[in-house]
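Please read the structure below before turning to the comments.
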Amino acid sequence: MRLILLGLPGAGKGTQAKVLAERLGLLHISTGDMFRQASAEGTELGRRAQEFMSAGKLVPDEVTIGMLLERISKPDASLGFMLDGFPRTIPQAEALDQVLEARDEAIDAVLYIQVPEADLMARLTGRWTCAQCGAIYHEQTSPPKQAGVCDLDGTALTQREDDRPDTVRARLDTNREWTEALAGYYRRAGKLHEVDGTGDPTSITTRLLDELAGVQSAREKA
Ligand code: AMP
Ligand code: ZN
């Protein structure tokens, strides 16, 4: 199977992509991971990508598309893959479709993990750190014993710029724009499957697998 996972930041897309790929025996391909690795290795591609990543921008299509198409052409991708973080633009989606079509292949399904805005905000703005000792807390998953104070040294906790509500809201807005555009693209192609992303990670995995089982049995009947 050739799958794409869509979801806003905080929806658990990366986690689910890893688990699903393993359960289904698919190659997990994350363009973000590929760029980070290239950057750590100091390659030309990595240097180009890092410029955009540091500025919080998308890496240009001509760089991203070439890298992804090369990756899915390797032998280990022939049995199927799970794309995580690609496509992020309509030209990326179109380039992918064209290459697959030329090989008589296609994307089987696009899973869109849906989480209400308020939940995403809570997940993404809940992180607090101690400037004194570096301890990290999360309001929901690992709160300090006393709100706003470090358990270890009693220092008042602070929030990183990235985790502040205004920053998070701006990030969600930008991401929503391209995610919705892609959802529309795949909806028109009859490939979009929206899955409830609330609750614990295990039940989300179960929902995703159930949805895929439906896709597979429909494909076998066809
Ligand atoms: P991610 O880990 O998916 O959030 O990706 C980290 C960064 O890599 C993004 O903020 C972008 O700068 C870049 N990136 C990853 N995937 C893409 C893509 N499909 N198109 C453009 N830029 C990307
Ligand atoms: Zn501390």
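Numbering of ligands and ligand atoms starts at 1, following listing order. Note that the numbering runs from 1 along the sequence shown for the chain.
Between Asp33 and ligand 1, no pair of N/O atoms sits closer than 3.5 Å. At least one N or O atom of Arg36, backbone or side chain, sits closer than 3.5 Å to an N or O atom of ligand 1. Ligand 1 has no nitrogen or oxygen under 3.5 angstrom from a nitrogen or oxygen of Leu58.
Residues Asp84 and Lys13 are paired through a salt bridge, judged by an N-O separation under 4.0 Å between the basic side chain and the carboxylate. Taking a cutoff of 4.0 Å between a charged side-chain nitrogen and a carboxylate oxygen, Glu51 and Lys57 do not qualify as a salt bridge. A salt bridge does not link Asp163 to Arg123: none of the charged side-chain nitrogens sits closer than 4.0 Å to a carboxylate oxygen. Salt bridge absent: Glu41 and Arg47 never bring a charged side-chain N and a carboxylate O closer than 4.0 Å. Taking a cutoff of 4.0 Å between a charged side-chain nitrogen and a carboxylate oxygen, Arg207 and Asp210 do not qualify as a salt bridge.
Protein heavy atom nearest atom 16 (N) of ligand 1, with residue, atom name and distance: Thr31 OG1, 2.8 Å. Looking only at heavy atoms of the protein, atom 23 (C) of ligand 1 is closest to Phe35 CE1, 3.7 Å. Val59 N, 3.0 Å is the protein heavy atom nearest to atom 22 (N) of ligand 1. In terms of protein heavy atoms, atom 5 (O) of ligand 1 is closest to Gly32 CA, 3.4 Å. Among protein heavy atoms, atom 19 (N) of ligand 1 sits closest to Gly85 O, 2.9 Å.
If you put the vertex on the Zn ion (ligand 2), SG of Cys130 and SG of Cys133 sit 110° apart, to the nearest 10°.
Donor-acceptor pairing under 3.5 Å is recorded for the side chains of Arg103 and Ser73. With 3.5 Å as the limit, one finds a donor-acceptor pair spanning the side chains of Tyr185 and Asp97. A donor-acceptor contact closer than 3.5 angstrom links the side chains of Thr89 and Asp61.
Counting heavy atoms only, Arg88 comes closest to atom 1 (P) of ligand 1 of the residues Arg88, Met53, Gln92.
Shortest non-hydrogen contact noted between Pro165 and Met121 is O-CE, 3.8 Å.
Among the atoms of Asp151, no N, O or S atom falls under 2.8 Å of the Zn ion (ligand 2).
Looking at Lys57 against ligand 1, only its backbone comes within 4.0 Å, counting heavy atoms.
Close approach of ligand 1 to Thr64 (heavy-atom distance below 4.0 Å) involves ligand atoms 18 (C), 19 (N), 20 (N), 21 (C).
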